[in-house]
Amino acid sequence: MSKTILGLHHVTAITSSAPKICDFFMNKLGMHFIKRSANQDNILTYHLYFTDDMGEPGAIMTFFVNPDEKSRQIGNNEISRLTFRVPSDAALSYWQKRFDRLQVRYEPQIHTQFGAKYLNFYDFDGQQYALVSEATNRQTNVMTQPHRPWRYADVDEAHAIIGLGPVTITLHEPKAIDQILTQILKAEKVTSTADQKYHLYEFAHGGLGAQIIIHSCGDNIDGVQGYGGVHHIAFTVQDDQALAQWQDCFHHHALPHSDVIDRYYFKSQYFRPVPRILFELATTQPGFFIDETYEEAGKKLALPPFLEPERHNIEAHLAPFDTK
């Protein structure tokens with residue numbers, strides 16, 4: 001069925017600093033800074049994109065730059081941790097040494113969840129990340145196969161980041177999202193921990209690149225969005241036809257949703273499976289090289305044609321910065 005969710009497309013978070021997040025993702029994590037653009041919903045702020053070598057869905061991490069916001073307050077009913085896949089268990093040891101050398105904060109204890117090994121780490125805003133080993137990954141979905149790392153990274157390619165991994169959502173009451181995930185979005189509930197605090201869902205047999213982890217937490221204090229937090233998760237669908245089918249589906253189920261929005265590099269539709277959690281569906285095409293070559297990507301402010309009339313105003317409000 002053409003509207004099948006194929007896996008993760010991208011994750012969008014909030015950062016306090018454009019130059020710092022570029023340094024973190026390019027020089028510490030070794031990801032490709034592929035697009036320097038404006039937030040289309042708040043055009044006087046940056047939207048920055050970091051990816052695998054070629055900017056493929058399933059390996060995209062983006063940031064809204066909002067230095068005037070407050071820091072995110074950790075709590076309930078929020079997207080709480082995002083992960084990146086690495087090729088092996090040995091890669092986690094490599095990253096521990098690299099994080100020591102580059103002074104990246106991480107939790108020294110590698111832990112196992114649902115059979116996969118994880119290494120938790122943090123950026124300068126306290127954003128919660130983890131690296132997850134592909135060693136036990138099982139997938140039959142071509143959209144979630146390992147991605148080619150950025151060719152100019154100084155990371156050993158045998159240990160480099162090869163795509164997005166499971167995203168954790170912390171909820172006070174997980175029953176409502178379970179119904180949305182399994183009955184409407186057609187994810188498989190794979191398993192739960194013995195204490196019923198963590199529940200693993202997977203789309204389209206996509207393995208780690210198509211998984212959501214729901215953390216059931218009894219704390220009644222909601223998280224507060226801000227820099228150092230995640231804004232939304234996007235999932236991959238094939239094309240415009242799929243988005244049209246999802247629009248009909250959401251309308252049928254009375255699920256709050258947006259219209260289809262042309263983001264120029266892909267088309268999107270947004271919806272809330274439960275209050276305070278934002279999901280997006282995004283198409284695979286046309287991609288990030290529609291307006292720039294590989295060599296040009298990320299170096300200058302790229303705006304979709306519908307924002308070009310605002311370029312002077314946008315550039316007047318965005319502080320320029322260099323990348324190294």
Side-chain angles (χ1 to χ4, degrees), residues 1 3-11 57-59 76-89 91-92 110-120 128-147 161-218 230 232-238 242 246 249 253 255 271 273-274 277-282:
M1 193 174 190
K3 74 181 180 74
T4 300
I5 290 175
L6 302 172
L8 295 165
H9 186 283
H10 67 267
V11 178
N76 225 322
N77 301 315
E78 65 171 3
I79 301 165
S80 49
R81 189 179 294 273
L82 54 100
T83 71
F84 303 98
R85 293 147 54 201
V86 293
S88 65
D89 293 354
L92 299 179
I110 293 171
H111 68 281
T112 301
Q113 187 174 35
F114 298 120
K117 292 186 177 181
Y118 288 81
L119 174 65
N120 292 347
Q128 298 185 133
Y129 309 96
L131 299 173
V132 56
S133 168
E134 281 265 291
T136 60
N137 193 23
R138 299 290 181 269
Q139 53 84 26
T140 59
N141 180 343
V142 67
M143 289 300 299
T144 58
Q145 290 182 352
H147 295 256
I161 289 171
I162 53 173
L164 296 174
V167 178
T168 298
I169 302 172
T170 299
L171 297 173
H172 177 66
E173 176 48 69
K175 288 183 180 179
I177 203 169
D178 175 89
Q179 293 178 337
I180 300 295
L181 288 170
T182 59
Q183 297 178 25
I184 298 178
L185 303 183
K186 303 303 181 184
E188 176 190 1
K189 187 173 184 180
V190 179
T191 189
S192 300
T193 55
D195 60 7
Q196 295 295 303
K197 287 187 177 181
Y198 293 88
H199 310 273
L200 178 66
Y201 297 82
E202 182 175 315
F203 293 96
H205 305 291
L208 292 171
Q211 291 179 353
I212 296 295
I213 296 171
I214 301 299
H215 173 209
S216 178
C217 179
V230 178
H232 67 268
I233 312 168
F235 301 94
T236 303
V237 295
Q238 190 63 47
W246 278 112
C249 177
H253 289 283
L255 198 64
F271 65 102
V274 292
I277 303 299
L278 183 61
F279 283 180
E280 175 185 357
L281 302 176

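Because the structure is a prediction, the values reported are computed rather than measured.
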Between the main-chain N or O of Leu131 and the side-chain N or O of Thr83, is there a donor-acceptor pair closer than 3.5 Å?
no
Is the side chain of Glu202 donor-acceptor paired with the backbone N or O of Gly207 at a distance under 3.5 Å, no angle test?
yes
Under the 3.5 angstrom rule, does the side chain of Thr136 hit a backbone N or O of Gly115 as a donor-acceptor pair?
yes
Answer yes or no: is there a donor N or O on one side and an acceptor on the other, between the side chain of Ser80 and the main chain of Thr168, under 3.5 Å?
yes
For the ring pair Phe235 and His9, is the centre-to-centre distance below 6.0 Å?
no
Donor-acceptor pair, side chain of Ser133 and main chain of Lys117, under 3.5 angstrom
no
Ignoring hydrogens and angles, tell me if any N or O in the side chain of Asn76 forms a donor-acceptor pair with the backbone of His172 under 3.5 Å.
yes
A side-chain contact here means heavy atoms from C-beta on lying under 4.5 Å apart; do Asn120 and His111 qualify?
yes
I need the Phe114 CZ to Ser192 OG distance, nearest 0.5 Å.
6.5 Å
Output the distance between atom CD (Glu78) and atom CD (Gln128), rounded to the nearest 0.5 Å.
7.5 Å
side-chain contact (heavy atoms from CB on, under 4.5 Å), paired with Phe279, selected from Ile180, Ile169, Leu255, Val274
Ile169
Distance in Å, Ile277 CD1 paired with Ile214 CD1, rounded so as to fall on 0.5 Å steps
8.0 Å
Could you grab the distance from atom OG1 of Thr236 to atom CZ of Phe203, nearest 0.5 Å is fine?
10.5 Å
Roughly how far apart are Ser216 OG and Ile177 CD1, rounded to 0.5 Å?
11.5 Å
Could you walk me through whether Leu92 and Val86 satisfy the side-chain contact (heavy atoms from CB on, under 4.5 Å) test, starting with their C-alpha distance in whole Å, then the side-chain angles of each, then the deciding distance to 0.1 Å, before giving a yes or no?
CA-CA 8 Å; Leu92 299 179; Val86 293; 3.8 Å; yes
Would you compute the distance between atom CD of Glu173 and atom CG of Asn77 and round it to the nearest 0.5 angstrom?
10.0 Å
